[in-house]
Visitor: 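Before anything else, here's the structure in question.
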Amino acid sequence: MSRFLQWIGGGVGWALGGPIGALIGFALGRVFDQEEPESVIEGYGTSQQSQPRDFEISLLILSAVVIKADGRTKEEEMQFVRKYFARMYGAKHANQSFQLFREIVPQKISVHQVCAQIRKHMSHAARLQLLHFLFGISQSDGDVALKEVKTIEQIATYLYINEKDFLSIRSMFYTDSTHHYEVLEVNPEASEDEIKKAYRRLVKKFHPDKLEGLGTEAKKGAEEKFVKVQQAYDSICKEKGIK
C-alpha cells in the first residue's frame, strides 16, 4: 500500500483537494477497502502549482467522463485507455493508474466542478493539452463518436477553451478536405499573410516548452500537436503555392 500512496502522493499538488480530491480519495478507499477514504490522501498534495501527477489525475477523471458519454462503459474502451496510458507512461505506471481509473469510472462525476478546479490551477497551454489527449483516447477505437465529441466540447467550454482552439484540436483527428484549415484556425479563402500569421500564432501557443514542469509525457503530447500544426501549414502552402 505504501508504494502506491507514494506514487499517488509524489508530485501531486492541488489535485488532491476539492472535487478531484474527493473522487481520488473515494477511489483509493475502494482500492484499499478503507472505511474513511479521505484519510488515504490526508497529508498529501500541498503545492498549488501544477505538478505532473495533477495533470495525469485530471486526465484520468476526464477520460472517465468521455468513455461514459454514450451512457455505457465497454471493457474495450477501458482497455483503450489503459493502452493509451501505457504508451504515454509505460506499462508499470499505467497499471497503477488503471487501478484508480477502474474505481473512478463508476462514480458520479460533476464535470463542471472538476473543470472549475482544473481551470483555477492549470495553465491554458496545459488545458489545451488535456483536450488533445481526450481526443486521442476517444479515437483509440478507430472512431471519434459524436457523443464523445459533444462531451469533449462541453469539457472545453468548462475549461474556458474557445471554439477556434477546440475546432483546431478536433481537426487534428480528422482527415477531410478542409481539416488543415481548421487546424490552422483560418478559412480556405484566407490570404497568404493571414495564413502565415495564423501559423506563427499557433506555433507560439502550442509550443511544447509551455508545458515545462508537467513531465516528459505531457511534452511529448504537445510535440504531437506541434507537428500537426506544421503539417497543416505545409499542406496549405503546397495547395496555395506559398513559398
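All heavy atoms count here, side chains included; hydrogens, waters and symmetry mates do not. Everything numeric in this text was worked out from a predicted model, so none of it was measured.
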Visitor: Please identify each residue that fulfils side-chain hydrogen bond (donor to acceptor under 3.5 Å, both in side chains) with R127, with sequence neighbours left out.
Guide: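 Listed in chain order: nothing, the list is empty.
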
Visitor: Does the pair K228/E224 count as a salt bridge with the N-to-O cut at 4.0 Å?
Guide: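 So K228 does not pair with E224 through a salt bridge.
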
Visitor: So, using salt bridge (Lys or Arg N to Asp or Glu O under 4.0 Å) as the criterion, who are the partners of R102 when residues are at least two apart?
Guide: E75

Visitor: Can you name the nearest heavy-atom pair linking E239 to Y181, along with the distance?
Guide: OE2-OH, 2.7 Å

Visitor: Salt bridge or not for K238 and D234, using N-O below 4.0 Å?
Guide: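 No, no charged N to carboxylate O under 4.0 Å.
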
Visitor: Can you see which heavy atom on S168 is nearest to which on V183, and at what distance?
Guide: OG-O, 2.6 Å

Visitor: Please list, chain by chain and in numerical order, all residues satisfying side-chain hydrogen bond (donor to acceptor under 3.5 Å, both in side chains) with E163, sequence neighbours excluded.
Guide: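 Partners of E163 under the side-chain hydrogen bond (donor to acceptor under 3.5 Å, both in side chains) test: none.
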
Visitor: Run the side-chain hydrogen bond (donor to acceptor under 3.5 Å, both in side chains) test against K205 and tell me which residues pass, sequence neighbours left out.
Guide: D165

Visitor: Apply ring pair (Phe, Tyr, Trp, His ring centres under 6.0 Å) to H207 and list each qualifying residue two or more places apart in sequence or on a separate chain.
Guide: F226

Visitor: For F206, what residues pass the ring pair (Phe, Tyr, Trp, His ring centres under 6.0 Å) criterion, not counting sequence neighbours?
Guide: none

Visitor: Is atom NZ of K150 surrounded by more than 12 heavy atoms (other residues, nucleotides or ligands) closer than 6.0 Å?
Guide: no

Visitor: If you look at every heavy atom in W14 and I118, which pair is closest and at what distance?
Guide: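 Answer, listing the atom of W14 first, then I118: CH2-CA, 4.0 Å.
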
Visitor: Determine, for K240 against E192, whether the closest basic-nitrogen to carboxylate-oxygen distance falls under 4.0 angstrom.
Guide: no

